[in-house]
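A short write-up of the structure that comes next.
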Amino acid sequence: MNVLYFAWVKQKVGRGEEIVEHAPALRTVGDLAAMLAQRGGGYAEAFGDMTRLRVAVNQAHAGMDTVLAPGDEVAFFPPVTGG
Amino acid sequence: MNVLYFAWVKQKVGRGEEIVEHAPALRTVGDLAAMLAQRGGGYAEAFGDMTRLRVAVNQAHAGMDTVLAPGDEVAFFPPVTGG
Amino acid sequence: MITNIHIQAEDFDVSDEIAALTEETPQTGAVATFVGLVRGGDDLTALTLEHYPGMTEQQIARIAEDAARRWALTGITVIHRVGRLTPGERIVFVAVAAMHRAEAFEACEFLMDYLKTKAPFWKQEERGGAVQWVEAKLSDDAAAERWRRR
Amino acid sequence: MITNIHIQAEDFDVSDEIAALTEETPQTGAVATFVGLVRGGDDLTALTLEHYPGMTEQQIARIAEDAARRWALTGITVIHRVGRLTPGERIVFVAVAAMHRAEAFEACEFLMDYLKTKAPFWKQEERGGAVQWVEAKLSDDAAAERWRRR
């Protein structure tokens, strides 16, 4: 899966995107976020409080219980502040 | 008094403005309109049905019962159709 | 509050007008504008617009003052063209600058509703060879009327 | 219905954009536009905007389609700038062309409310030397929410 980060999420994890292998333990977006939080450091900061984050799967708004599949594009970002 | 005509009122009476001497018989806008209607021809056509006309005295919207004074600017025109 | 009101035969440039309105008001964050065009179709050849010089400018200035009292605005520009205009040409322009967008939108719509119904302009239509004065529309009166209740 | 959507670092010209939108739609009588500017004051030095390439364009296209279903429109242009912008610079532009003004105004405001609340853009503020991400505003959410009830 291609995992993307935007705004302060990108700054905290120190990168804009990375490849994460799909696995049975990463059934949902929530599983992926918990795994990323456990990496510690900037990841723990970014994913420590998931209420502060929004997520999209394959460029559509998604939730913590959205089920993941191999090849998915998963993006984590703060609430949008456009215009 | 300076009497102004706009749009089809101007076309019917054949002029854009004229001087009408203030007189005791022309106490109100209604008196002036009735006098103009009695001239016949285009004036009778323009002033025959006053419900089709709007009036301004000294550039402020007025009515048939608005009282006239020497030196007033009186304008007759159809309902506006701007923009 | 900057207010620009022009009744003119000449065309105008929307970018220039917005720039003139916002250059001197650094607190402006939002500009809502409206451009009215001569609508083609129905065999329309041209419109000719007439106004009441003096009264028209005065009425628009009063409406602009009213808008500035109702909403927190930083600037208003109103341009209304007169004379003969052909399909596709610009007739009317309103720009309202404000700190925030809700105020800019509301005031812009308010000004347009009043221009359409209260400002002394008269419109003549040419279709083929025939020329006819446009009748006032009730839908425009209703649009202007809703601002009274607020 | 013409739809133009651009996410770009470059500035744009409002007159050119309106002309491009109306030239091919002779039935257009009304163009409502909105220009959002970087508001000066409060020591703001600059804004930096980031977006989600691909998703942002797609979301805006969907919102434009939604607007075209709700109102009788002839064209929509949305331009949103990204990158670093200083006070007075244009950030966002929406133009809605329609036969009549009420539809143009409503759709323009609708698109702006959605751009502010739903489209994937993130804004960073520079004040003096300090840089900070802007938090989402509840007032913007409320503005977008009102369109649900219609």
Side-chain angles (χ1 to χ4, degrees), chain C residues 11-19 21-42 44 47 74 86-113 115-116 137 139-140 142-143 146, chain D residues 11-19 21-42 44 47 74 86-113 115-116 137 139-140 142-143 146:
Chain C
D11 195 13
F12 50 85
D13 183 85
V14 173
S15 298
D16 293 348
E17 295 301 331
I18 293 175
L21 192 59
T22 57
E23 258 161 19
E24 290 163 49
T25 56
Q27 71 276 34
T28 298
V31 184
T33 75
F34 181 84
V35 181
L37 305 170
V38 179
R39 203 163 51 238
D42 298 333
L44 185 83
L47 290 180
T74 56
T86 53
E89 282 198 86
R90 283 171 277 271
I91 305 180
V92 60
F93 174 71
V94 173
V96 177
M99 288 181 70
H100 303 291
R101 72 183 183 284
E103 285 83 351
F105 273 121
E106 281 220 338
C108 188
E109 208 169 348
F110 167 84
L111 288 166
M112 273 309 303
D113 284 346
L115 280 175
K116 282 277 193 177
K137 273 190 298 184
S139 66
D140 278 328
R146 69 193 157 123
Chain D
D11 196 10
F12 50 85
D13 183 85
V14 173
S15 299
D16 292 349
E17 295 301 332
I18 293 175
L21 193 59
T22 58
E23 259 162 17
E24 291 164 49
T25 57
Q27 70 276 32
T28 297
V31 184
T33 75
F34 181 84
V35 181
L37 305 171
V38 179
R39 202 163 51 239
D42 296 333
L44 185 83
L47 289 181
T74 56
T86 53
E89 282 198 85
R90 282 171 278 273
I91 306 180
V92 61
F93 175 70
V94 173
V96 177
M99 288 182 69
H100 304 290
R101 73 183 184 283
E103 285 83 350
F105 273 122
E106 281 221 335
C108 189
E109 208 169 348
F110 168 84
L111 288 167
M112 272 308 305
D113 284 347
L115 280 176
K116 282 277 193 177
K137 272 191 299 184
S139 66
D140 278 329
R146 70 193 157 125

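Source: prediction; values computed, not measured.
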Report summary line: Ranked by heavy-atom pairs below 4.5 Å to chain D, first place among C:Val35, C:Val94, C:Asp13 goes to C:Val35

Report task. Between chain D and each of C:Pro26, C:Ala102, C:Ala19, count heavy-atom pairs under 4.5 Å; write down the option with the most. Result -> C:Pro26

Requested in this report: To the nearest 0.5 angstrom, please state how far the CG atom of D:Leu111 sits from the CD atom of D:Glu106.
Outcome: 11.5 Å

Query raised in the report: If you tally heavy-atom pairs under 4.5 Å against chain D, which of C:Arg90, C:Gln27, C:Arg39 wins?
Result: C:Arg39

Query raised in the report: Passes side chain to side chain contact (heavy atoms under 4.5 Å, CB included), C:Met112 versus C:Val92? Steps please.
Result: CA-CA 9 Å; C:Met112 273 309 303; C:Val92 60; 4.1 Å; yes

Query raised in the report: Mind checking what makes side chain to side chain donor-acceptor pair (under 3.5 Å) contact with C:Thr86, not counting sequence neighbours?
Result: C:Glu89

Query - Engaged part of C:Thr28 at the chain D interface, taking heavy atoms whose separation is under 4.5 Å - result: both

Report summary line: Taken in chain and number order and not counting sequence neighbours, the residues that satisfy ring-ring contact (aromatic ring centres under 6.0 Å, His included) with D:Phe110 are D:Trp71, D:Tyr114, D:Trp147

